[in-house]
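For reference, the structure discussed in these notes is given below.
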Amino acid sequence: MNIRYFAWVRERVGVEEEELEIPGGVKTVGDLITHLKSLDENHAAAFEEEEAIRVALDQVHVEADADLGNAREIAFFPPMTGG
Amino acid sequence: MNIRYFAWVRERVGVEEEELEIPGGVKTVGDLITHLKSLDENHAAAFEEEEAIRVALDQVHVEADADLGNAREIAFFPPMTGG
Amino acid sequence: MSVTPLVRVQSEDFDAQAEAARLTEGRKDVGAIVSFTGLCRDESGTLSALELEHYPGMAEAELTRIASEAIDRWPLTGLTVVHRFGKIPPGENIVLVIAASSHRRAAFEAADFLMDFLKTRAPFWKKEHLVSGDSSSWVEAKSVDDKDAERWLKSGSTD
Amino acid sequence: MSVTPLVRVQSEDFDAQAEAARLTEGRKDVGAIVSFTGLCRDESGTLSALELEHYPGMAEAELTRIASEAIDRWPLTGLTVVHRFGKIPPGENIVLVIAASSHRRAAFEAADFLMDFLKTRAPFWKKEHLVSGDSSSWVEAKSVDDKDAERWLKSGSTD
């Protein structure tokens, strides 16, 4: 799965995007966040304030309990500040 | 006193403005309307739907019970439809 | 540093872009500009023109009173109102309101307020001239316009 | 005759006048145009530029979703949204929303709605770069923006 990061989430993880194999037990967005936090210190730092993280699955906003399904792309980012 | 008319009030009275001596007993806008209606058929027709008439005294909106005071100009017109 | 509204009543068309530029040029405190343009419209194809009659002197004075009230109620950096008079064919501009502020809510509300009160209090009257040449008729005031203006009275008691 | 919104995400500046003209040219059914321009502002003189990061693809998709919802909710004749990305110095444009309708209330509400949801749902993030060269920082989301967006949910249950 293609994972993308934006704004300060991107800066903390240290990469704009990465391709990861999703382990079998990871079914929801929340499961994936837990998995990502376990990868290394950078990911752990990025997801430290978990309630501040917004998620888009195939470019559509979703909540943490959303099923990953067959999505090809997931993105993590802070609350938006455009406009 | 200078009396001005606009839109269909102007068309019914037949003049854009007129200079009139105000009789001693005429104190309020309402008194003046009663007086104007008595002048001729045109004025009577213009003020027939009295509740539809708006009034400005020296270019400020007022109600029918407003005192004429020392105003130099009064205007009568229908509800406004600008914008 | 009170803001002075720019109010103009004119027969010629206006340039919305130039009026908006006037509210931002040389300054960096404007974060939001809301511009309203009202046009002469004719969905049925029967209208040849709207003729706008106005009360010279009072039109400018009343628009300035409404604009000044908007400036009292919202933290604006600038406010412009231009209203045309005379014959205006379908598709042409009638009125322009531009409100500028640091914040978008103030700009939106001030422009909205200004249009609501302009409709019910500014001394302008529209007459419809038809393509057919049939007798022209005065546009009737709409009660919905009064209701729009009343919205602001409910929330205005703290001023 | 459904209206298709025009949505653009670009680094270059936009021409608000040209975008408004596009919504009226050759038609006579437009009575009201409400235009919102959001600018980069700097009251303290400490900002060198805002840097706008965006999520390419999703930015356009999400703005189109918000615009389509506005078109469903209000009787619009046209709707345009342009959002810039990249470094934008104080005084320059960031975002443009133009709503056109036969009636002014629809145009005002649609533009207002669009800005509220754009602020909270369109994937853009602002970073402040300072004149002093000190470390730049991400702009924090404001809870007032969430509240602005929530206003529309209360009255949206009939859709």
Side-chain angles (χ1 to χ4, degrees), chain B residues 1-20 22 28-30 32-33 36 41-83, chain C residues 7 9 36-41 50-66 69 81-86 88 93-97 111-128 135-146 148-149:
Chain B
M1 191 174 205
N2 190 37
I3 310 191
R4 305 180 69 165
Y5 306 103
F6 293 95
W8 56 253
V9 179
R10 170 178 56 71
E11 291 179 340
R12 290 187 192 176
V13 174
V15 297
E16 288 185 20
E17 56 188 307
E18 55 190 340
E19 192 73 29
L20 283 186
I22 307 299
T28 69
V29 167
L32 180 57
I33 291 176
L36 291 170
E41 279 186 12
N42 286 356
H43 284 84
F47 290 97
E48 197 172 29
E49 307 163 60
E50 209 174 307
E51 68 291 342
I53 305 288
R54 300 290 177 271
V55 190
L57 210 53
D58 282 342
Q59 310 197 349
V60 174
H61 290 294
V62 295
E63 299 292 327
D65 60 0
D67 214 301
L68 294 177
N70 294 317
R72 289 162 308 166
E73 178 172 301
I74 190 166
F76 297 99
F77 42 80
M80 289 139 283
T81 56
Chain C
V7 172
V9 175
F36 175 87
T37 305
L39 300 99
C40 176
R41 115 190 115 85
L50 283 177
E51 183 173 2
L52 274 122
E53 179 170 336
H54 77 298
Y55 183 169
M58 180 172 170
E60 292 85 347
E62 187 65 23
L63 289 174
T64 302
R65 282 189 284 268
I66 299 168
E69 190 173 337
V81 186
V82 184
H83 203 304
R84 294 179 68 193
F85 60 84
I88 299 178
N93 294 324
I94 296 175
V95 62
L96 174 71
V97 168
D112 196 5
F113 169 93
L114 219 131
M115 279 308 303
D116 282 348
F117 279 87
L118 180 153
K119 283 257 174 189
T120 55
R121 298 189 62 88
F124 291 87
W125 302 270
K126 291 194 187 104
K127 191 171 201 173
E128 290 182 331
S135 65
S136 51
S137 60
W138 293 99
V139 171
E140 280 197 51
K142 298 194 196 92
S143 61
V144 65
D145 287 332
D146 287 328
D148 282 343

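Numbered from 1 within each chain, the chains take letters A, B, ... in sequence-line order.
- If you measure heavy-atom distances from E140(C) to chain B, the contacts under 4.5 Å come from the backbone alone.
- A salt bridge links E49(B) with R12(B): the closest approach of a Lys/Arg side-chain nitrogen to an acidic carboxylate oxygen falls below 4.0 angstrom.
- Between M1(B) and L68(B), the shortest heavy-atom distance links the atoms CE-CD2, 4.2 Å.
- Heavy atoms closer than 4.5 Å to chain B are found nowhere in K142(C), neither backbone nor side chain.
- Of all residues spanning residues 50-67 of chain B, those with a heavy atom less than 4.5 Å away from chain C's heavy atoms are A56(B), Q59(B), V60(B), H61(B), arranged by number.
- Interatomic distance, CZ of R121(C) versus CE of M58(C), reported as 7.5 Å (0.5 Å rounding).
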Take V95(C) and M115(C) through the test side-chain contact (heavy atoms from CB on, under 4.5 Å) and record every step on the way to the result.
CA-CA 9 Å; V95(C) 62; M115(C) 279 308 303; 4.1 Å; yes
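- No donor-acceptor pair closer than 3.5 Å links the side chain of E62(C) to the backbone N or O of A59(C).
- Remark: E73(B) engages R4(B) in a salt bridge, criterion side-chain N to carboxylate O under 4.0 Å.
- Of the atoms belonging to R65(C), it is side-chain heavy atoms, and not backbone ones, that fall under 4.5 Å from chain B.
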Starting from the C-alpha separation in whole Å, work towards a yes-or-no answer on side-chain contact (heavy atoms from CB on, under 4.5 Å) for V15(B) and R10(B).
CA-CA 6 Å; V15(B) 297; R10(B) 170 178 56 71; over 6 Å; no
Pair I66(C), V81(C) - check side-chain contact (heavy atoms from CB on, under 4.5 Å), show working.
CA-CA 10 Å; I66(C) 299 168; V81(C) 186; over 6 Å; no
Determine whether E128(C) and L50(C) satisfy the following criterion, side-chain contact (heavy atoms from CB on, under 4.5 Å), listing intermediate values before the conclusion.
CA-CA 5 Å; E128(C) 290 182 331; L50(C) 283 177; 3.6 Å; yes
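- Scanning all heavy atoms of the two residues, the minimum distance from W138(C) to E11(B) falls at NE1-OE1, 2.8 Å.
- Between H43(B) and Y5(B), the two ring planes are perpendicular [angle over 60°; tilted spans 30° to 60°].
- Inspection of non-hydrogen atoms places A75(B), F77(B), P78(B), P79(B), M80(B), T81(B), G82(B), G83(B) of residues 75-83 of chain B under 4.5 Å from chain C.
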